[in-house]
Amino acid sequence: MKASLHFFLSLLALASISAVSAEPWRTTKGEEFEGQLSGVYGPLVVIGVSGGSRQLAVEALDDDGVARVADFLARRPAAP
């Protein structure tokens, strides 16, 4: 009983963390989805979404998305 309760609470905590870290994204074509920016590779961004990830060209994101990519790059540590 205790083990199953602990497992359930762990899943609940993980789900709440995932929900908090997901951000809304929108493309210039109006497509909307939620995910977490995980990397920028040249002109491409990788956004982790539920069940996988998406690769998009930076130019496919709306202005808010491009601004978040710029903030992500600005927070990145400088290369040695």
Side-chain angles (χ1 to χ4, degrees):
M1 178 72 174
K2 280 186 173 183
S4 61
L5 179 61
H6 181 68
F7 178 73
F8 176 73
L9 291 176
S10 298
L11 285 179
L12 185 60
L14 183 61
S16 66
I17 291 169
S18 302
V20 170
S21 64
E23 300 173 305
W25 294 89
R26 181 182 294 210
T27 67
T28 55
K29 294 181 180 182
E31 182 184 3
E32 297 180 7
F33 59 96
E34 289 192 0
Q36 182 66 35
L37 180 61
S38 60
V40 180
Y41 304 95
L44 298 176
V45 295
V46 176
I47 300 173
V49 295
S50 177
S53 63
R54 295 187 66 165
Q55 292 182 5
L56 295 167
V58 174
E59 63 189 25
L61 295 172
D62 68 354
D63 291 340
D64 289 338
V66 172
R68 279 189 267 160
V69 170
D71 290 342
F72 178 86
L73 291 173
R75 288 191 313 264
R76 199 168 57 175

Undergrad: Keeping to residues at least two apart or across chains, list the side chain to side chain donor-acceptor pair (under 3.5 Å) pairs with something in residues 59-80.
TA: none

Undergrad: Can you list every side chain to side chain donor-acceptor pair (under 3.5 Å) pair that touches residues 46-56, not counting sequence neighbours?
TA: Glu31-Arg54

Undergrad: Give me the atom names and distance for the closest heavy-atom approach of Glu34 to Pro24.
TA: CG-CA, 4.2 Å

Undergrad: Listing request: all salt bridge (charged side-chain N to carboxylate O under 4.0 Å, His left out) pairs with a residue in residues 36-53, at least two apart in sequence or in separate chains.
TA: none

Undergrad: Indicate the atoms forming the closest heavy-atom contact of Ser38 with Gly48, along with that distance.
TA: OG-N, 4.2 Å

Undergrad: Who else is in the cluster with Phe72 when I, L, V, M, F, W and Y are joined by side-chain contacts under 4.5 Å?
TA: Trp25, Phe33, Leu37, Val40, Val45, Ile47, Val49, Leu56, Val58, Leu61, Val66, Val69, Leu73

